[in-house]
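Accompanying notes for the structure given below.
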Amino acid sequence: MLSLLRPLLATCVYLLLLLPGGQCRIPAYSNGFHYQDISNGNGNGEIYFNGVRLHVESPQLAVSATRGSSVTLPCHYHYEPELATPRRTRVKWSWLPANVIGEAVSPATSARETEVMVAMGNRHRSYGNFRGRVRLRRSAPGDMSLVINELQLNDTGRYRCEVIDGLEDESVTVELELQGVVFPYHSQEGRYQFNFFGAQQACQDQDATLATFEQLFTAWEEGLDWCNAGWLADGTVQYPITDPRAGCGGMNFAPGLRSYGQRHRLLHHFDAFCFTASVKGNVYFLKHPTRLNFTEAVQACVSDGSQIAKVGQLYAAWRLMGLDRCDAGWLADRSVRYPITRPRANCGPPEPGVRSFGFRPPYLKFGVYCYR
Ligand SMILES: *[C@@H]1O[C@H](CO)[C@@H](O)[C@H](O)[C@H]1NC(C)=O
Ligand SMILES: *[C@@H]1O[C@H](CO)[C@@H](O)[C@H](O)[C@H]1NC(C)=O
């Protein structure tokens with residue numbers, strides 16, 4: 001019954017907002033069941049059904065994991081009092097991707113949720129990009145925890161575990177985050193050349209994905225300060241400022257994320273904020289007797305049984321594996337950079353970071369970072 005009421009309530013609230021002073025009535029109906037007490041209405045994931053209460057719970061409302069690993073999103077249900085005969089329940093896991101969480105909330109928002117898995121008894125079905133990667137843990141009666149294997153960068157977001165029992169349903173949500181690093185990225189043609197789709201592609205080409213608002217916010221909390229605006233996964237354009245100054249949104253604003261809001265995804269052009277997480281392989285500075293032009297650098301990595309590293313791979317190695325090397329090297333996008341975790345003289349500014357010389361003409365000679 002609650003599940004039937006919710007969309008109606010949402011529509012009513014919406015109409016009330018649109019039509020101040022307007023009336024909104026929820027139509028009466030009867031489905032032939034008698035409910036002693038239909039709901040406590042407090043959204044705790046509890047309902048009352050003929051005096052029996054269905055609880056759906058998760059001991060962890062947020063879970064943090066690493067890319068490529070397996071993660072368990074906990075969800076359990078039980079009845080109070082316990083049932084003498086088991087009821088037929090259906091479990092549905094759905095997902096609100098991190099890139100749409102930040103978008104405007106409207107009655108249609110729930111339509112952006114996509115199905116991950118539906119299970120009834122021992123039968124189950126998984127969907128889309130999750131097919132073959134998910135299962136229910138079922139370590140005890142009522143354990144409907146979702147196990148996701150081979151975590152990908154874009155699996156982050158809000159997962160909903162919904163237990164459906166006859167006409168009733170209750171759910172909890174669990175947030176999934178990945179441990180990783182955010183980096184700003186611009187085109188070889190210069191600053192502010194990417195529309196939204198170009199930014200998406202550019203991050204992907206560097207073994208990354210567009211950062212979410214939460215990821216950029218965390219990076220800002222950890223000290224990221226960048227005075228060029230970049231696309232985020234939700235289609236907004238923002239930049240993080242820890243040290244307010246003229247020319248970067250002004251000195252009169254507190255430190256924080258400066259936002260241009262939603263921009264036109266085709267027509268407007270900015271840089272990108274990319275997010276990447278740990279890589280399985282190894283990023284290393286190639287030992288080579290001479291410095292190399294770009295073509296030689298690409299070839300030297302291949303001869304060493306690897307590939308020239310992408311920008312995202314270098315950032316992940318710097319941030320998550322502590323890679324520290326005071327030698328400038330070519331990367332796959334024809335930029336030249338080096339990673340510093342222990343700042344020292346002649347190795348750039350006093351803070352740790354990936355130092356960049358930007359894109360360089362291919363005939364110039366540097367070292368090279370490879371990935372295997
Ligand atoms: C998520 O990333 C995977 C692997 O990079 C890709 O195949 C898939 O299409 C992406 N899914 C979405 C919804 O972007
Ligand atoms: C790099 O050097 C090789 C010779 O070792 C040369 O053939 C090639 O044209 C050079 N590439 C560039 C981009 O300068």
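One-based numbering, in listed order, for ligands and for the atoms of each. Keep in mind it's a predicted model, so treat the numbers as computed, not measured.
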Please state which protein non-hydrogen atom is closest to [atom] and give its distance, to 0.1 Å?
{"atom": "atom 8 (C) of ligand 2", "result": "N293 ND2, 3.8 Å"}
{"atom": "atom 13 (C) of ligand 2", "result": "T295 OG1, 3.4 Å"}
{"atom": "atom 4 (C) of ligand 2", "result": "E296 OE2, 3.4 Å"}

| Atoms of ligand 2 less than 4.0 Å from P362 heavy atoms? | 13 (C)
| field | Atoms in ligand 2 flagged as close to Y363, the criterion being non-hydrogen separation under 4.0 Å | value | 14 (O)
Any donor-acceptor pair under 3.5 Å linking the side-chain atoms of [Y] with those of [X]?
{"X": "D271", "Y": "Y239", "value": "no"}
{"X": "S306", "Y": "R372", "value": "no"}
{"X": "S94", "Y": "E113", "value": "yes"}

| query | Is atom 2 (O) of ligand 2 close to the protein, meaning a heavy atom under 4.0 Å from it? | reply |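 Yes.
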| With D324, the salt bridge (Lys or Arg N to Asp or Glu O under 4.0 Å) member among R342, R355, R319 | R342
| Can V71 be reached from F275 by stepping across I, L, V, M, F, W or Y side chains whose heavy atoms are under 4.5 Å apart? |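 Yes; V71 is reachable from F275 via cluster members.
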